[in-house]
Amino acid sequence: MGDVRTADLAESLARVEERIVAACAASGRDRDDVHLVVVTKFFPLDDVRRLIGLGVTDVGENKAQEAAAKLAGLDDDERDALTVHFVGQLQINKARQVASWADVVHTVDRSRLVTALDRGAEQAGRHLDVLLQVDLDDRVDLADAPRSGRPRASGSRGGAPADGIPALADEVGRAAHLHLRGVMAVAPLSRSADDAGPSSTAAVAFAELARLADQVRSAHPRATMVSAGMSGDLEQAIAHGATHLRVGSAILGPRPAPR
Ligand SMILES: *Cc1c(COP(=O)(O)O)cnc(C)c1O
């Protein structure tokens, strides 16, 4: 599609690519070790098509229904060219559906979800890569408390507490149709506008995620993925070892209001 929207997407993709290259250089990392997942939630199928045309190989969705409808609109070649990541909060009753089309589920945070996804993958005759989502709000608030004493942010973004991650990893390891591939986190909401640098909320959270990623990898050597970093904090995520960035608005623009 050689339209204006395609040109805009090409330009914003190039800007994000520059940020990734610069952040990799700043932390001595190889650009090829950092993968870009473009989060296309709320944006139409045509944008997914445009992104494929621009060479994007990985897209992320966060609503089961919306994602399934979008994917159904792709032809086989387009679908085969994509790795589809589910990055949203997952309800048990949607797990079977998601297991039938997702390639990677980033948000596994409880036992019942492990069981439900494993069963769903089995019924669909496929295997699923999964990441364990960690809730880092507690840790960051502890680190932050002496300075700010601010209340805990709501844990509505999901995730298992850090101390529950090793046991959950072992459970996924035992599931016949799931492959444990690593860990994921969303940085806690920043509480001040100039929250940047090595002691920022995001940096503290991503450092903790890196520690947990090492711990999981020592028991599960194939769990090498670290999904962290969004439009606003991808530099800090790269500095702390992220392998998969989940970037939406910096590429697609502001999201349309949810209906
Ligand atoms: C929407 C979303 C993103 C992308 O966020 P942007 O700030 O638009 O880059 C990343 N991760 C998750 C889990 C999301 O839901």
Side-chain angles (χ1 to χ4, degrees), residues 8-9 11-20 23 34-44 47-48 50-51 54 56-68 70 82-91 94-95 98 102-110 113 117 129-137 140 153-160 181-191 193 195-196 200-203 205-206 209 213 225-238 240 242-259:
D8 286 348
L9 290 174
E11 201 181 300
S12 53
L13 264 176
R15 277 198 302 269
V16 167
E17 177 62 23
E18 276 173 30
R19 288 175 61 189
I20 296 171
V34 178
H35 302 269
L36 175 64
V37 178
V38 181
V39 180
T40 46
K41 65 185 185 201
F42 300 162
F43 287 94
D47 279 348
V48 177
R50 292 180 174 99
L51 291 165
L54 293 168
V56 167
T57 56
D58 291 75
V59 297
E61 288 285 339
N62 82 332
K63 293 262 187 301
Q65 227 94 349
E66 179 195 343
K70 242 184 261 183
L82 277 186
T83 300
V84 180
H85 302 253
F86 186 80
V87 303
Q89 291 312 298
L90 190 49
Q91 293 161 349
K94 301 276 172 60
V98 169
D103 298 306
V104 191
V105 175
H106 289 225
T107 47
V108 174
D109 62 1
R110 55 205 192 277
L113 211 42
L117 285 171
D129 284 346
V130 311
L131 306 182
L132 303 179
Q133 182 179 356
V134 189
D135 177 7
L136 295 172
D137 283 6
V140 170
S154 107
S156 63
R157 280 157 300 155
R181 295 306 316 281
V183 293
M184 175 274 203
V186 178
L189 289 176
S190 200
R191 280 147 295 186
D195 184 17
S200 68
T201 306
F206 293 148
L209 182 65
M225 290 172 64
V226 180
S227 167
M230 319 200 323
S231 293
D233 55 21
L234 67 88
E235 284 84 2
Q236 288 105 314
I238 290 172
H240 289 283
T243 63
H244 288 70
L245 310 172
R246 308 178 309 267
V247 180
S249 49
I251 292 166
L252 289 140
R255 278 184 279 281
R259 277 171 300 157

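In this text, all values refer to a predicted model and were calculated from it rather than measured experimentally. Atom set for the values below is all heavy atoms of this structure, side chains included, hydrogens, waters and symmetry mates excluded. Numbering of ligands and ligand atoms starts at 1, following listing order.
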Query raised in the report: Relative to the ring of His35, is the ring of His244 parallel (under 30°), tilted (30 to 60°) or perpendicular (over 60°)?
Result: parallel

Query raised in the report: Got a sec, which residues hit side-chain contact (heavy atoms from CB on, under 4.5 Å) with Met230, two or more places apart in sequence or on another chain?
Result: Val186, Asp233, Arg246

Starting from the N and O atoms of ligand 1, collect every protein N/O partner closer than 3.5 Å and put each pair on its own line with the distance to 0.1 Å.
residue  : atom   : partner : partner atom : Å
ligand 1 : 8 (O)  : Ser249  : N            : 2.8
ligand 1 : 8 (O)  : Ser249  : OG           : 2.9
ligand 1 : 8 (O)  : Arg255  : NH1          : 2.8
ligand 1 : 8 (O)  : Arg255  : NH2          : 3.3
ligand 1 : 9 (O)  : Ser231  : N            : 2.9
ligand 1 : 9 (O)  : Ser231  : OG           : 2.5
ligand 1 : 9 (O)  : Gly248  : N            : 2.8
ligand 1 : 11 (N) : Arg246  : NE           : 2.9
ligand 1 : 15 (O) : Lys41   : NZ           : 2.6

Query raised in the report: Who passes side-chain contact (heavy atoms from CB on, under 4.5 Å) against Ala67, sequence neighbours left out?
Result: Glu61, Trp101

Query - Donor-acceptor contact present, side-chain Thr107 to main-chain Val87, <3.5 Å - result: no

**Report entry** Check: Leu117 and Leu90 side chains under 4.5 Å, non-hydrogen atoms
**Finding:** yes

Report summary line: Ser231 meets the side-chain hydrogen bond (donor to acceptor under 3.5 Å, both in side chains) criterion, sequence neighbours left out, with Ser249

